[in-house]
Amino acid sequence: QVQLVESGGGLVQPGGSLRLSCAASGFTFSMYAMSWYRQAPGKERELVASITSIGGSTNYADSVKGRFTISRDNAKNTVYLQMNSLKPEDTAVYYCNARLLSAYYGGLGRRPDYWGQGTQVTVSS
């Protein structure tokens, strides 16, 4: 059974920090790019950060550059999002996503991807 389980969310004051974790199981973790998305009420889901295994490439939304850091530990099947200098506009449900790397995708059928259930992050004084 494929599972992505996020943890580490909660309530934090502006300027504070949180570290989110996403534990993966049921698939070959190293074959998937990992990403964090977030969605606030009434807003579209947006990509926050992503990381690949091949080449160690990362990318970030402009709104979080310099504040958030994505990392992964393939030995632990876990991806992390370190969030510093948090702002009220960072408040959202944060979701973990796994998408099969293009090197392993044959181009037939639906490209495998998986989602976690989300974890709430609230930044408020």
Side-chain angles (χ1 to χ4, degrees):
Q1 181 181 356
V2 172
Q3 284 192 309
L4 295 172
V5 181
E6 300 97 332
S7 62
L11 175 65
V12 64
Q13 292 186 339
S17 297
L18 286 173
R19 189 178 78 156
L20 306 183
S21 298
C22 173
S25 61
F27 63 96
T28 305
F29 184 73
S30 62
M31 294 171 61
Y32 285 74
M34 302 299 299
S35 299
W36 288 95
Y37 288 75
R38 67 186 182 187
Q39 187 169 26
K43 302 286 188 177
E44 295 182 355
R45 186 172 297 188
E46 65 172 340
L47 177 66
V48 177
S50 63
I51 186 168
T52 64
S53 292
I54 301 174
S57 179
T58 61
N59 74 283
Y60 298 90
D62 288 342
S63 59
V64 307
K65 286 181 179 177
R67 300 189 297 120
F68 291 11
T69 302
I70 188 170
S71 61
R72 67 189 293 166
D73 187 338
N74 286 352
K76 296 181 179 179
N77 285 6
T78 302
V79 63
Y80 305 95
L81 185 68
Q82 178 66 47
M83 305 185 294
N84 299 325
S85 302
L86 284 161
K87 304 174 181 179
E89 51 263 45
D90 295 318
T91 297
V93 177
Y94 284 70
Y95 296 91
C96 180
N97 170 263
R99 191 177 191 218
L100 186 66
L101 291 164
S102 60
Y104 303 105
Y105 179 57
L108 297 176
R110 186 175 181 178
R111 184 170 177 171
D113 74 305
Y114 309 106
W115 292 90
Q117 81 291 340
T119 185
Q120 176 71 231
V121 172
T122 302
V123 184
S124 177
S125 59

State which residues pass ring pair (Phe, Tyr, Trp, His ring centres under 6.0 Å) with [X]; sequence neighbours excluded, sorted by chain then number.
X	value
Y114	F27, Y32
Y94	none
F29	none

_S57 side-chain N/O to T52 backbone N/O, donor-acceptor pair under 3.5 Å_ = no
*asked:* Any side-chain to backbone donor/acceptor pair from E6 onto Q117? Under 3.5 Å, distance only.
replied: yes
Taking all heavy atoms of [X] and all of [Y], pick out the closest pair and write down the distance.
X	Y	result
G26	V2	O-CG2, 3.6 Å
A92	A40	CB-N, 3.9 Å
S21	T78	CB-CG2, 4.4 Å

Taking atom [atom1] of [X] and atom [atom2] of [Y], what is their separation to the nearest 0.5 Å?
X	Y	atom1	atom2	answer
E46	Q39	CD	CD	9.5 Å
M34	L81	CE	CG	11.5 Å
L101	S53	CG	OG	6.0 Å

Any pair counted as salt bridge (charged side-chain N to carboxylate O under 4.0 Å, His left out), so long as it reaches [range], sequence neighbours left out:
range	answer
residues 71-80	none
residues 107-125	none
residues 82-93	R38-D90, R67-D90

*Please list, chain by chain and in numerical order, all residues satisfying side chain to side chain donor-acceptor pair (under 3.5 Å) with K65, sequence neighbours excluded.*
D62
*For S17, enumerate each residue passing the side chain to side chain donor-acceptor pair (under 3.5 Å) test, keeping only those at least two apart in sequence or located in another chain.*
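Scan of S17 (side chain to side chain donor-acceptor pair (under 3.5 Å), adjacent residues dropped) gives N84.
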*Should V48 and Y80 be regarded as members of a common hydrophobic cluster, given that ILVMFWY residues are connected when their side-chain heavy atoms come within less than 4.5 Å of each other, either directly or indirectly?*
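Looking at the clustering, Y80 is in a separate group from V48.
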*Under a single-linkage rule joining Ile, Leu, Val, Met, Phe, Trp and Tyr whose side-chain heavy atoms are separated by less than 4.5 Å, which residues share a cluster with V93?*
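Under the 4.5 Å side-chain rule, V93 groups with Y37, L47, Y95, W115.
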*Give the other cluster members for V5, using side-chain heavy-atom distances under 4.5 Å between Ile, Leu, Val, Met, Phe, Trp and Tyr residues; answer none if it is isolated.*
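Other cluster members: none.
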*Test side-chain contact (heavy atoms from CB on, under 4.5 Å) applied to T122 - qualifying residues, sequence neighbours left out*: L11, T91, Q120, S124
_Holding to side-chain contact (heavy atoms from CB on, under 4.5 Å), I want the full list of residues that pass it with T58, two or more places apart in sequence or in another chain._
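Only I51, Y60, I70 meet the side-chain contact (heavy atoms from CB on, under 4.5 Å) criterion with T58.
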_If we check side chain to side chain contact (heavy atoms under 4.5 Å, CB included) with C22, which of these qualifies: T119, V79, N97?_
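So, applying the side chain to side chain contact (heavy atoms under 4.5 Å, CB included) to C22 and each of T119, V79, N97, only V79 qualifies.
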